[in-house]
Each structure stands twice: as structure tokens, then as C-alpha cells.
Amino acid sequence: MLKRIKNYLKKHGVLSKYGYKLAYRQYSRFLEYAISGKDIEDTAFLETNLRIYIHELEKGFSLPMPKRGFGKEKVALLVEYYEKYVELGEGVDTELIQYVQDILAFYEQNKKEYAFDVSMIPENLRSKDSRKLDAGIKQIGKNDLFEVQKWSFEKFSETRHSIRMFKDEKIEEDLIKQAVRLAQTAPSACNRQSVEIFHISSADKCKEILDLQGGFKGASVVNDLLIITSNLSLYTSLYELNTGYVDGGIFAMNLMYALHYYGIGSCPLLWNDDCDKREKIRDMVKIPMKNMIVLLLPIGNYVEPDYKYAVSKRKPVKKIYHKI
């Protein structure tokens, strides 16, 4: 088998100088810029981890049954990194600083309900008018979504959130197919339309797969799970090594909007494992090897009368928009 693989790689030029160069450059660029090798003295390390810990806390609050006392270790690290970040002075993201302050105040204000230990939060970060906090969770009534199809795109897109609470009921397959059809308006590389979706409709199988992925713990029962994949047989060369993720990502966002349009909630979960977990999930649902898994998408009907979601405050446009 190994000999056959080597012969195939040689025949298709994968072991060429270009192939090695591509792999080396992608790997070295990641190692150079990713924060995995950085520490608390690095600005990007601090900013990234502050956002991650805020998200972890907000996600905890958005679960159906948040655990009492959750997030203690995350809060301690959040305070430590916040204080270090503030010390940097000039050039820091003031809106991120405000976001940290808001989530810590939100955490402190919920200490009685969830039995939080807030001793690690400095006094100056505890007292704040809850009406002015832009962090934690918010709630929206399902009845407010009845007019969703008449809204402007601005209002429509601002009401789509990642949901971790679903009603314990099945979604009509025809409705899912309608959403998939609408999502097919998404563009793809050379119109190859590489995306293929695998629908898991067994609650037990959904749980097994989500437990394997690991990012949906504590959420409600999932009766429908969509696995978004890209068919690699539609790509031509090493130049398109990552194109399947691009096509899959564009389609997935369009699909989430389509599901929202039809009144269905969703929560995208990254699939970052292409080794052991990949083999396990393929054994579970028999996904062909040619289909590269892009992400998992648990979906379900919104709970009534209200459902809650993590604020997940976005960066200011000036931080991500660069005119050259």
C-alpha cells in the first residue's frame, strides 16, 4: 500500500519541489504567526485569549442549564490577561477592554443565581449598571421572528445567532431541503459546487458525533445534524489545497441564513481534526474519503417563548477594514 501511495504521489507531481515548498511555506507561516508559540508578553496572544475566554463565559450562560459555579478558572485568567493588556497602554483595543469589563461585571451580577466565586475580580470591575452591559447573553422571543421574511437584510442578519437551545422535536425534511436549495445561491470556485451535506437525523447518532467533536457540551438535545463537506474530486491541483474550506465556508454561512429565513436555529462547529477523529466519524456515518469535512451544523427549532444567545460582540469595523 505504501508503495502504491508513493507511486501515485510521484505520478501526480505531489513530490515535486513545488509540493514540498507549498507544504513548508504553509506550515512555517502558521508557526510564525499563530499564537501557539507566543506568551503573555505578545499583544496578539493577549487579545486572542481575552476574546476566547469571554466567549467561553458567554457560551456557558447561553446553555440550557448552566452549571453552578462555572467559569472560575476562565475568569481568573481573564483578569490576569486583562491587567497585563491594560499595562500595554498605547495602541490597545479600547473596545476589547470595555468588553472584558462588561463580561466580568455580568459574571459578578449573576453570582447569586449561579453560586459564582468572584473573589478574583477586582472591586473596580464589579459594580456596573446592568442596563449598560454589552456582554453575557440576551434573549429574543420566537414570536419576534414571525416577520423575519419581511425584514431588511440588516435586521435579518443581526437577528441570526448561534443557538445552543433547541426544542426537542424533529424538523421537517422538506423544510431543510428548501433551506439547502436557497443556500445553493452561494458562489463557488469555477461553479464547481463541491459542497455535499450529510444529514444525521438520529438523536443518539447526533450526540455521538457531537461528543466526538467536543464543542457542544451542555447544550440541548439535537435531533438533526448537518455535516458540511467539500468533494475533493472536483479540484485540480495543489494550488487548490484549501479551496474546499473556502467553498464550504461560504456555503455554510449562506445555509445558516437560509435556515434562519425558515425559522430554524443553528450553531456552526469547527472540524479541525483530519486524523483520528476523522476516521471515527467516517466509521459512524460512512462519509466517503473524497469528502473533506468542513464543519458540523446542529440545527433545531427555536424554544418558546424566548431563547437566549451569547452576545459575541464584534470588533469595530476600523479593526478589520484596511484601505490600501
Side-chain angles (χ1 to χ4, degrees), residues 35 40 45-88 92-142 144 158-168 210-211 214-222 265 267 269 298 300 302-316:
I35 65 167
I40 198 171
F45 175 91
L46 290 170
E47 291 182 344
T48 300
N49 279 292
L50 286 173
R51 291 189 181 278
I52 288 174
Y53 293 140
I54 291 172
H55 176 70
E56 289 293 320
L57 294 175
E58 289 185 332
K59 183 171 72 172
F61 282 113
S62 72
L63 294 175
M65 298 290 290
K67 293 181 180 179
R68 292 176 64 80
F70 78 87
K72 180 178 180 180
E73 295 79 9
K74 298 290 191 308
V75 170
L77 286 170
L78 194 60
V79 171
E80 178 186 354
Y81 290 173
Y82 165 80
E83 292 177 342
K84 183 67 177 179
Y85 188 62
V86 171
E87 288 178 7
L88 296 178
V92 299
D93 186 340
T94 55
E95 293 198 27
L96 177 57
I97 288 176
Q98 184 67 56
Y99 197 8
V100 176
Q101 293 173 351
D102 283 359
I103 190 62
L104 290 175
F106 186 89
Y107 189 86
E108 194 274 338
Q109 289 175 10
N110 283 275
K111 62 183 179 182
K112 289 185 178 179
E113 181 174 357
Y114 296 108
F116 288 145
D117 175 4
V118 297
S119 60
M120 74 289 290
I121 302 178
E123 287 291 340
N124 65 310
L125 296 178
R126 296 188 191 183
S127 300
K128 200 167 187 179
D129 186 345
S130 59
R131 294 170 297 180
K132 297 181 179 179
L133 296 182
D134 193 13
I137 57 170
K138 293 182 179 180
Q139 294 193 129
I140 186 171
K142 184 179 179 182
D144 295 331
E158 287 178 349
T159 58
R160 192 221 62 80
H161 303 283
S162 294
I163 304 300
R164 294 174 175 82
M165 296 177 62
F166 302 125
K167 291 183 70 174
D168 188 5
L210 291 172
D211 286 347
F216 209 60
K217 296 177 180 178
S220 64
V221 172
V222 174
C267 182
L269 302 173
Y302 293 105
V303 296
E304 298 173 350
D306 302 308
Y307 69 89
K308 56 184 179 178
Y309 60 90
V311 170
S312 298
K313 189 175 180 180
R314 296 313 193 238
K315 297 179 181 179

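Keep in mind that this is a model prediction, so the values were computed, not measured. Residue numbers count from 1 along this sequence.
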### Query
Are side-chain heavy atoms of Leu210 and Leu269 found at a separation under 4.5 Å?
yes
### Message
Under 6.0 Å between ring centres: does that hold for Phe166 and Tyr307?
### Response
no
### Query
In this structure, which one of Val86, Thr48, Val100, Leu46 forms a side chain to side chain contact (heavy atoms under 4.5 Å, CB included) with Tyr81?
Leu46
### Task
Enter the distance from Leu88:CG to Ile97:CD1 here, rounded to the nearest 0.5 Å.
8.5 Å
Enumerate donor-acceptor pairs with a distance under 3.5 Å from any side-chain N or O in residues 52-67 to protein atoms, sequence neighbours excluded.
residue : atom : partner : partner atom : Å
Glu58   : OE1  : Tyr99   : OH           : 2.9
Glu58   : OE1  : Ser312  : N            : 2.9
Glu58   : OE2  : Tyr99   : OH           : 3.0
Glu58   : OE2  : Gly136  : N            : 2.9
Ser62   : OG   : Lys59   : O            : 2.8

### Message
Tell me every residue that passes salt bridge (Lys or Arg N to Asp or Glu O under 4.0 Å) with Arg51, counting only those two or more places apart in sequence or in another chain.
### Response
Asp93
### Query
Who pairs with Glu73 by side chain to side chain contact (heavy atoms under 4.5 Å, CB included), at least two apart in sequence or on another chain?
none
### Qualifying residues under side chain to side chain donor-acceptor pair (under 3.5 Å), relative to Tyr82, sequence neighbours excluded
Gln101
### Message
Suppose we screen for salt bridge (Lys or Arg N to Asp or Glu O under 4.0 Å). Which residues come up paired with Lys315, at least two apart in sequence or across chains?
### Response
none
Return a table of donor-acceptor pairs under 3.5 angstrom between the side chains of residues 111-118 and protein atoms on other chains or two or more places apart.
residue : atom : partner : partner atom : Å
Lys111  : NZ   : Glu108  : OE2          : 3.1
Asp117  : OD1  : Ser119  : N            : 3.0
Asp117  : OD1  : Ser119  : OG           : 2.8
Asp117  : OD2  : Lys72   : NZ           : 3.1

### Task
Could you tell me which residues satisfy salt bridge (Lys or Arg N to Asp or Glu O under 4.0 Å) with Lys308, sequence neighbours excluded, listed by chain and number?
none
### Side chains of Val311 and Ile137 in contact at under 4.5 Å (non-hydrogen atoms)
no
